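Okay, structure first, notes after.
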Amino acid sequence: MPHITKLKLTNFKRFPSISLEFNESINTIIGDNEAGKSSILQAIELVAGGSRGKVETIGFESLINKQCVEDFNAGERNYANLPHVLAELFLSDSPKPELRGKHNTENVDCAGLYMVIEPNEELTREINDALAELV
């Protein structure tokens, strides 16, 4: 049975960047209040569930790392610099060949799933126009 071997998060909630490796049998997540334990579990749930509706219900603004938004607002605000959210699950294996490939940030051939929340490239001009108006 496939199991999660690694979770990588970028700009997800309190984590600008984190990579966690998991054991095949039992894993325990321990930390102080507000350390991000629930965020880790939520990321796994969102990626494994693959529900766009659930992500939309939660809201992008509650999933994106606040510091990356502040950094964006303090810097050059254009489409190319817009932050994105990425959550990747690396799996031990999968009977489904469509889950296998190098479509991951490590460019390794493995089974896995990912979720990315990013701006729509088709709206680049409109986004840049809107950002220019916010000066």
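Bear in mind that the values here come from a model prediction, so they are computed numbers and not experimental data. Excluded from the calculations below are hydrogen atoms, water molecules and symmetry mates; all remaining heavy atoms, backbone and side chain alike, are included.
The salt bridge (Lys or Arg N to Asp or Glu O under 4.0 Å) pairs that include a residue from residues 84-100 are Asp93-Arg100, Arg100-Asp109, where partners are two or more places apart or lie in different chains.
Heavy-atom contacts from other residues, nucleotides or ligands closer than 6.0 Å to NE2 of His3 number more than 12. Summarising the local packing, CD of Glu34 is surrounded by 12 or fewer heavy atoms from other residues, nucleotides or ligands at distances under 6.0 Å.
Phe90 and Val116 are not part of a single hydrophobic cluster, where members link through side-chain heavy atoms under 4.5 Å apart. Hydrophobic clustering places Phe12 together with Ile58 (ILVMFWY residues linked when any side-chain heavy atoms are closer than 4.5 Å, directly or through intermediates). A single hydrophobic cluster is not seen to contain both Leu86 and Phe22; linkage of ILVMFWY side chains at heavy-atom distances under 4.5 Å, directly or through other members, places them apart. Put simply, Leu7 and Met115 are part of the same group of oily side chains (I, L, V, M, F, W, Y) that touch within less than 4.5 Å, one to the next. Cluster membership check: Leu131 does not share its hydrophobic cluster with Phe60, using side-chain heavy-atom separations under 4.5 Å among Ile, Leu, Val, Met, Phe, Trp and Tyr.
When side chains are defined from C-beta on, Thr10 does not count as touching Phe15, because their heavy atoms never get closer than 4.5 Å. The shortest side-chain heavy-atom distance between Leu89 and Tyr114 does not fall under the 4.5 Å cut-off. You'll find the side chain of Gln67 stays beyond 4.5 Å of the side chain of Arg14, heavy atoms only.
Separating the CD1 atom in Ile44 from the CG atom in Leu9 is a distance of 8.5 Å, to the nearest 0.5 Å. Residue Glu24 holds its CD atom at 13.0 Å from CD1 of Ile4, rounded to the nearest 0.5 Å. Once rounded to the nearest 0.5 Å, the distance linking CG of Leu63 with CD1 of Ile117 reads 5.0 Å. Taken from CG in Asp71 to CG in Asn81, the straight-line distance is 11.0 Å, to the nearest 0.5 Å. Here the OG-CG distance, from Ser51 to Leu46, works out to 8.0 Å after rounding to the nearest 0.5 Å.
Side-chain N or O atoms of Lys6 include none that pairs as donor or acceptor with a backbone N or O of Glu21 at under 3.5 Å. When atom types are taken as modelled, the side chain of Ser94 and the backbone of Ala111 share no donor-acceptor pair closer than 3.5 angstrom. Between the side chain of Asn65 and the backbone N or O of Cys68 there is at least one donor-acceptor pair closer than 3.5 Å. The backbone N or O of Glu45 sits nowhere less than 3.5 Å from a side-chain atom of Lys54 that would complete a donor-acceptor pair. Looking at Asn11, its side chain never comes within 3.5 Å of a backbone N or O of Ile64 through a donor-acceptor pair.
Nearest heavy atom pair, residue Pro83 against residue Pro119, reads O-CD, 4.3 Å. Nearest heavy-atom pair across Ala48 and Leu113 is CA-CD1, 4.1 Å.
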Evaluate the side chain to side chain contact (heavy atoms under 4.5 Å, CB included) criterion for residues Ile18 and Leu20: first the C-alpha distance (whole Å), next the side-chain angles of each, then the deciding distance (0.1 Å), finally the verdict.
-> CA-CA 7 Å; Ile18 189 169; Leu20 302 169; 3.8 Å; yes
Could you give me the CA-CA distance, side-chain angles and deciding distance for Asn104 and Cys110, then say whether side chain to side chain contact (heavy atoms under 4.5 Å, CB included) is met?
-> CA-CA 9 Å; Asn104 55 66; Cys110 67; 3.7 Å; yes
Trace of the side chain to side chain contact (heavy atoms under 4.5 Å, CB included) decision for Tyr79 with Asn128 = CA-CA 6 Å; Tyr79 179 87; Asn128 277 326; 3.4 Å; yes
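The closest side-chain donor-acceptor pair between Glu76 and Asn78 falls under 3.5 angstrom. Between Asn73 and Arg77, the side chains place a donor N or O and an acceptor N or O closer than 3.5 Å (distance only, hydrogens not considered).
Glu106 and Lys8 are joined by a salt bridge, as a carboxylate oxygen and a charged side-chain nitrogen come within less than 4.0 angstrom of each other. Taking 4.0 Å as the cut-off between side-chain N and carboxylate O, Glu70 and Lys66 do not count as a salt-bridged pair.
Residues satisfying the salt bridge (charged side-chain N to carboxylate O under 4.0 Å, His left out) criterion with Lys13, sequence neighbours excluded, are absent altogether.
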